[in-house]
There are 2 protein chains.
Amino acid sequence: MSISEQIILSETTPEDRSMAIREALRNAIIDRRLAPGTKLSEAEVGSLFDVSRTVARAALQMLTFEGLVKTERNRGAFVSNPSPDEARQIFASRRLIEPGIVAAALERITLEDIEQFRRQLQEEERYMTERGPAARRAEIKASGDFHLMLASVAGNAILQRFMDELIARSSLVIALYGRSGVSSCGHSEHFAILDALQAGDGERAAALMLHHIDHIEADLDLQEKQGLGLKDALAIG
Amino acid sequence: MSISEQIILSETTPEDRSMAIREALRNAIIDRRLAPGTKLSEAEVGSLFDVSRTVARAALQMLTFEGLVKTERNRGAFVSNPSPDEARQIFASRRLIEPGIVAAALERITLEDIEQFRRQLQEEERYMTERGPAARRAEIKASGDFHLMLASVAGNAILQRFMDELIARSSLVIALYGRSGVSSCGHSEHFAILDALQAGDGERAAALMLHHIDHIEADLDLQEKQGLGLKDALAIG
DNA sequence: ACGGCAAGGATTGCATACGATTTGCGCATG
DNA sequence: CATGCGCAAATCGTATGCAATCCTTGCCGT
């Protein structure tokens with residue numbers, strides 16, 4: 001493990017430290033500071049955050065439930081390395097859910113919300129001008145945030161939680177299989193969706209969202225890359 | 001807590017006992033053997049299943065993630081008492097997801113699957129003839145199983161997990177707010193959906209599924225019945 | 001008589017200790 | 001030199017102990 005920053009979470013939440021650790025690890029994973037396959041030993045996580053294994057374990061359990069880490073009995077927890085097939089399932093799920101989210105959001109969104117969204121998107125535009133892995137990570141994160149904000153105004157806590165998981169895993173997949181400037185096209189599409197919402201055209205907004213997801217997935221290179229070594233050896237041998 | 005049967009899970013799974021406990025509690029909750037609001041103390045659960053608080057706690061954590069129990073810090077875990085609003089969100093989510101599941105299932109379902117489904121449905125019919133709370137619980141459970149089986153043939157593990165949660169919470173809601181013979185109409189609708197699937201008519205199957213969900217929700221009496229026991233006592237006294 | 005308050009009990013939150021299981025390495029041996 | 005066996009290190013799974021927190025309830029002052 002190589003989290004450069006020893007994150008101080010003493011001040012953040014006096015309660016539920018495992019939640020804070022989950023959040024920190026979650027961010028590290030979807031930012032790709034923790035590479036897929038990285039081992040997350042309970043003791044290591046615990047010492048990094050200066051807590052006992054008990055609470056570290058709880059955090060890892062939560063992440064396992066979210067599908068961001070895979071736990072093998074008596075072996076440990078590892079950052080999830082989603083297969084292309086898993087990636088396809090993730091996007092299939094999003095295609096199913098997000099149009100509905102858009103429709104629900106249309107019912108409840110206010111002008112203030114839309115203003116807020118626009119400010120957020122303009123904020124993101126700054127990252128697009130920059131290059132480098134840090135900027136790319138910020139892009140991926142911000143792009144996901146748009147979808148999450150949309151889910152939050154939809155007013156359905158359950159769907160919001162589903163989206164939380166889907167976006168997190170999508171970020172992981174994009175970081176793994178992403179090809180190029182995902183966001184350059186994705187960004188304008190976010191604006192287009194907002195426009196449709198503002199115009200009250202749910203039909204169009206949903207269609208745009210579908211296209212948007214298609215574009216994101218189309219930009220991926222979903223090839224079986226390094227089949228865990230074992231499969232490579234078997235296939236080659 | 002009053003789980004009559006002290007379930008023996010020593011033989012079931014030599015590994016991951018917390019998972020077995022989760023399963024047992026889960027069944028008890030959706031079968032309504034554990035009433036909403038029931039306190040699930042770590043020590044009590046632990047002693048019931050003859051494990052330490054640690055593993056009991058893990059099981060409760062998982063159930064909390066699924067939304068079947070609500071945990072209050074420093075207070076304990078309680079069987080979830082879904083509000084009418086939560087119930088509406090659950091069914092809204094199902095309306096969003098299940099038609100997509102039907103469509104996906106259509107692509108992959110085999111004749112054997114359909115045969116299996118029919119056998120299952122006929123099996124359920126036995127329960128319908130009986131009366132009493134036990135039969136009602138069995139009905140609710142079986143009715144949910146149909147949807148879960150459908151999700152499993154859809155071939156999307158993520159959606160399947162979402163449905164797992166939605167069905168579990170639906171069962172809880174139906175047990176809480178259900179009015180009458182949910183299944184009498186629901187059952188025939190299951191057959192109708194199967195017929196549409198066998199005919200390869202995804203359009204119709206999805207529409208039938210939507211109607212089916214509508215019917216289930218329509219049969220609920222979604223009034224704020226926040227008794228909490230206190231008000232019960234007051235009303236009676 | 002009523003409202004605030006403090007002591008007591010119960011329960012969770014967390015840390016640590018111990019046993020179980022797996023992995024990897026070294027050594028003996030063919 | 002290759003191979004198989006066995007031991008040791010590491011890590012997880014689980015139990016239990018202690019401290020912190022919250023609720024209850026009885027008490028006292030007003």
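Order of the sequence lines sets the chain letters (A, B, ...), proteins ahead of strands, with each chain counted from 1. Note that the coordinates shown come from a computational prediction; the quantities given were computed from them, not determined experimentally.
Straight-line distance from the CE atom of A:Met19 to the P atom of C:dC14: 12 Å, rounded to whole Å. Following rounding to the nearest Å, A:Asp16 (CG) and C:dC14 (C1') show an atom-to-atom distance of 12 Å. Rounded to an integer number of Å, the gap from A:Arg53 CZ to C:dA20 C1' is 12 Å. Residue A:Leu60 contributes atom CG, which lies 14 Å from atom C1' of D:dG13 at whole-angstrom precision. Taking atom CZ on A:Arg75 and atom P on D:dT11, their separation rounds to 11 Å, with Å as the unit. For the pair B:Arg17 CZ and C:dT21 P, the interatomic distance rounds to 11 Å; values are reported in whole Å. Nucleotide D:dC12 holds its P atom 13 Å from the CD atom of A:Gln61, rounded to whole Å. At whole-Å resolution of the value, CZ in B:Arg57 and C1' in D:dG13 are 16 Å apart.
For B:Val51, the listed nucleotide lying nearest its side chain is D:dA15; candidates were D:dA15, D:dT14, C:dA15. Closest to the side chain of A:Asn74, from the set C:dT11, D:dC12, C:dA15, is D:dC12. The side chain of B:Lys39 has C:dT11 as its nearest neighbour among C:dG13, C:dT11, D:dA15.
Between B:Arg22 atom CZ and B:Asp16 atom CG the span is 10.0 Å, to the nearest 0.5 Å. Distance check: B:Ile30 CD1 to B:Arg169 CZ gives 13.0 Å after rounding to the nearest 0.5 Å.
Taking the six-membered ring where tryptophan is involved, the planes of A:Phe162 and B:Phe162 are essentially parallel, since the angle between them stays under 30° and well short of 60°. Relative orientation of the A:His190 and A:His147 rings is perpendicular, given thresholds of 30° and 60° on the angle between their planes. Between A:Phe146 and A:Phe117, the two ring planes are perpendicular [angle over 60°; tilted spans 30° to 60°].
Checked by distance alone, B:Ser41 brings no side-chain donor or acceptor within 3.5 Å of a matching partner on the base of C:dT12.
The shortest distance between the side-chain N/O atoms of B:Thr54 and the OP1/OP2 oxygens of D:dT14 is not below 4.0 Å.
Residue B:Ala43 is the one, among A:Val55 and B:Ala43, whose nearest nucleotide of DNA chain C lies closer to the 5' end (criterion: closest heavy atom).
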